[in-house]
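Structure first, commentary second.
To find a chain, count down the sequence lines: A is the first, B the second, and so on, and within it residues start at 1.
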Amino acid sequence: DAKTTQPPSMDCAEGRAANLPCNHSTISGNEYVYWYRQIHSQGPQYIIHGLKNNETNEMASLIITEDRKSSTLILPHATLRDTAVYYCIVRVSNDYKLSFGAGTTVTVRA
Amino acid sequence: DAGITQSPRHKVTETGTPVTLRCHQTENHRYMYWYRQDPGHGLRLIHYSYGVKDTDKGEVSDGYSVSRSKTEDFLLTLESATSSQTSVYFCAISERSATNEKLFFGSGTQLSVL
């Protein structure tokens, strides 16, 4: 699997958009980009995923660069409840082994 | 939550004793996983299952065994617990399609080995 690089931490203001970067420069053509988050003491929660097109759902938007070497997760209007660790993962469909790195600790401040 | 129950939620045990953690799902998903989470290491895959009686090792499988005799239950066993196995253990299940695999996680089991 391609490895990912994320900043260890970032702050954002409540009500503003939070843009979380992820670098996956060794991603291959059949690897998807997934984002999960983990709120303190809870199990991780799926947010969004994509292959090469930008994606949006009720939680967030995922922007993938044209060369697919990086992506950005956008939380359009961050709230205090969005404070969590965010994980960016790349994986091949049908690959059973999915592992999480250290992620980005996002703190939303009032 | 996606119908996943982990038990127990908390356990304290002594070094050398056997421990079994249970993951129960009501979603009838084929794939189940056990992860451990430790400070500085994120989540690491211990074992996974792709069907009844079909299991395989993850990246940190030493000292752990698993069993899956029914679709709904995936058991993780520490045959002889060690202090290095003190951790938070998460079970996950997945639904799959040709282009999508979302993992759904349980609430975790906090295990302390003294």
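Here the NZ atom belonging to B:K102 is positioned 12.0 Å from the CD1 atom belonging to A:I47, to the nearest 0.5 angstrom. Here CG of B:L103 is found 7.5 Å from CD1 of A:I89. Values are rounded to the nearest 0.5 Å.
The hydrophobic clustering, which links ILVMFWY residues whose side-chain heavy atoms are closer than 4.5 Å, places A:L75 and A:M10 together. A:Y86 and A:L80 fall within a single hydrophobic cluster, where Ile, Leu, Val, Met, Phe, Trp and Tyr side chains are chained together by heavy-atom contacts under 4.5 Å. Under the 4.5 Å side-chain contact rule for hydrophobic residues, B:F105 and B:Y31 share a cluster. Taken together through direct or relayed side-chain contacts under 4.5 Å among Ile, Leu, Val, Met, Phe, Trp and Tyr, A:I48 and A:M59 form part of one hydrophobic cluster. Note: the hydrophobic cluster containing A:L51 also contains A:Y87 (ILVMFWY, side chain heavy atoms under 4.5 Å, direct or indirect links).
Looking at A:F100 and B:L45, their side chains never come closer than 4.5 Å, going by heavy atoms from C-beta outward.
With a 4.5 Å cut-off on non-hydrogen atoms, B:Q37 touches chain A through its side chain but not through its backbone.
Not less than 6.0 angstrom separates the ring centroid of A:Y36 from the ring centroid of B:F90.
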